[in-house]
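First up is the structure itself, then whatever we jot down about it.
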There are 2 protein chains.
Amino acid sequence: MKIRTAADLGAFIKERRVKLGMDQSDLAEKAGTSRKWIVEVEQGKPRAEIGLVLRTLKTLGVSLDIAIDRTQKASAASESGNVDINNILNALKKRP
Amino acid sequence: MKIRTAADLGAFIKERRVKLGMDQSDLAEKAGTSRKWIVEVEQGKPRAEIGLVLRTLKTLGVSLDIAIDRTQKASAASESGNVDINNILNALKKRP
DNA sequence: TACTAGAGTAACCGAATGGTGACATTTGGT
DNA sequence: ACCAAATGTCACCATTCGGTTACTCTAGTA
């Protein structure tokens, strides 16, 4: 599932928690945070800190993967993961 | 690439930014944040807020995917994405 | 050598965080 | 209807955030 917003994240966490038969207190304790924080994150709080988010996801047995977005208009090098010489040259053009 | 810690995230962001030929100021401006914040995140700040992180990743043309972790010892239902009846029953046992 | 771009660091500050503990509401079972 | 568990909300508070501005240091260029 693609995560684009904090709301996406919150929905996923809640769904996953319920599937595992945990309540908010269980998850909070296992993830080393507070129930209040779980509530807020499940509601899509955009300013929650990533450290706690990562710990929470780990607790839920979930992995976060990052990848070059194919739906984005990107250069060939961009997708390959190599340095994009065109982008760099373009940036250089901005010099006075 | 799997993201397990804030340091992972920071390393990825920096690598990606450089590949695209951007400097910290460029990225900060395009992502709607400050250069200071970019510096901190690239250094692995664990308390950066997810909202900004998501915006930054979007700016970098990157997508975040979430998935049930196969390396984790998980029940069959857990992997399938269905409700895990065993976990729920286990939780019920805790009732006094 | 002198200059510049880029990266890292520091101080300042208003604003928001996350934890605690309590209370209110909703839900499900007896 | 009653009760208990789970969820949602609130006030309080020490801590930290993120933005701004300015300074340093390094590497590469003229």
Side-chain angles (χ1 to χ4, degrees), chain A residues 5-60 83-96, chain B residues 5-60 83-96:
Chain A
T5 68
D8 291 347
L9 217 219
F12 180 91
I13 288 179
K14 180 166 191 172
E15 186 187 324
R16 178 75 179 152
R17 171 177 64 77
V18 171
K19 277 180 185 162
L20 294 181
M22 295 178 173
D23 62 25
Q24 295 173 338
S25 296
D26 292 337
L27 179 54
E29 192 179 8
K30 290 184 180 175
T33 179
S34 67
R35 191 173 70 85
K36 177 201 175 198
W37 187 85
I38 299 288
V39 171
E40 290 172 336
V41 165
E42 287 189 352
Q43 288 173 345
K45 184 179 201 179
R47 306 197 51 172
E49 51 185 67
I50 23 167
L52 287 181
V53 170
L54 291 173
R55 265 158 55 195
T56 303
L57 291 178
K58 186 173 184 179
T59 300
L60 291 171
V83 176
D84 186 337
I85 199 62
N86 287 322
N87 274 322
I88 295 181
L89 290 179
N90 250 322
L92 288 176
K93 287 186 183 172
K94 287 185 297 189
R95 288 202 184 181
Chain B
T5 67
D8 292 346
L9 216 218
F12 181 91
I13 288 179
K14 180 166 191 171
E15 187 186 322
R16 177 75 178 153
R17 170 178 65 76
V18 172
K19 277 180 186 163
L20 293 181
M22 294 176 162
D23 61 24
Q24 296 173 338
S25 297
D26 292 338
L27 179 53
E29 192 180 8
K30 289 184 182 175
T33 179
S34 67
R35 190 173 72 87
K36 177 200 175 198
W37 187 85
I38 299 289
V39 171
E40 290 172 337
V41 166
E42 286 188 353
Q43 288 175 345
K45 183 179 201 176
R47 306 195 50 171
E49 50 184 66
I50 21 168
L52 287 181
V53 170
L54 291 174
R55 264 160 53 195
T56 302
L57 291 179
K58 186 173 184 177
T59 299
L60 291 172
V83 175
D84 186 337
I85 202 59
N86 287 322
N87 273 323
I88 295 181
L89 290 179
N90 250 323
L92 287 175
K93 285 185 183 172
K94 289 185 297 191
R95 289 202 183 183

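Predicted model only: the values in this text are computed from it and were never measured.
The salt bridge (Lys or Arg N to Asp or Glu O under 4.0 Å) test applied to B:Lys45 returns B:Glu40, not counting sequence neighbours. For A:Glu49, the side-chain contact (heavy atoms from CB on, under 4.5 Å) partners two or more places apart in sequence, or in a different chain, are A:Leu52, B:Arg47. With sequence neighbours left out, A:Leu54 forms a side-chain contact (heavy atoms from CB on, under 4.5 Å) with A:Leu64, B:Ile3. Checked against salt bridge (Lys or Arg N to Asp or Glu O under 4.0 Å), B:Arg55 has no partners two or more places apart in sequence or in another chain.
A:Gln43 places its CD atom 14 Å from the C1' atom of D:dA6, with the value rounded to the nearest Å. For the pair A:Leu27 CG and D:dG8 C1', the interatomic distance rounds to 16 Å; values are reported in whole Å. Distance, B:Asp23 CG to C:dG6 P: 5 Å, rounded to whole Å. D:dA5 atom C1' lies 17 Å from atom CE of A:Met22, rounded to whole Å. What separates CD of A:Gln24 from C1' of D:dA5 is a distance of 12 Å, to the nearest Å.
Of the inter-residue distances, the one linking B:Gln24 atom CD with B:Ile13 atom CD1 reads 11.5 Å to the nearest 0.5 angstrom.
Taken over five-pair windows at either terminus, the axes of the helix from C:dT1-D:dA30 to C:dT30-D:dA1 are inclined to one another by 40° (rounded to 10 degrees).
Of the side-chain N and O atoms in B:Arg17, one or more sit less than 4.0 angstrom from OP1 or OP2 of C:dA7.
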Subject >> Step-by-step side-chain contact (heavy atoms from CB on, under 4.5 Å) determination, A:Val53 to A:Leu9 >> reply: CA-CA 9 Å; A:Val53 170; A:Leu9 217 219; 3.6 Å; yes
Original post:
Could you walk me through whether A:Thr56 and A:Trp37 pass the side-chain contact (heavy atoms from CB on, under 4.5 Å) check?
Top reply: CA-CA 11 Å; A:Thr56 303; A:Trp37 187 85; 3.3 Å; yes
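Side-chain N or O atoms of A:Arg17 include one that pairs as donor or acceptor with a backbone N or O of A:Met22 at under 3.5 Å.
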Original post:
Which nucleotides of nucleotides 10-24 of chain C have their base under 4.0 Å from a protein heavy atom (B), which only their sugar-phosphate (S), and which neither (-), written as one string 5' to 3'?
Top reply: ------SSBBB-B--
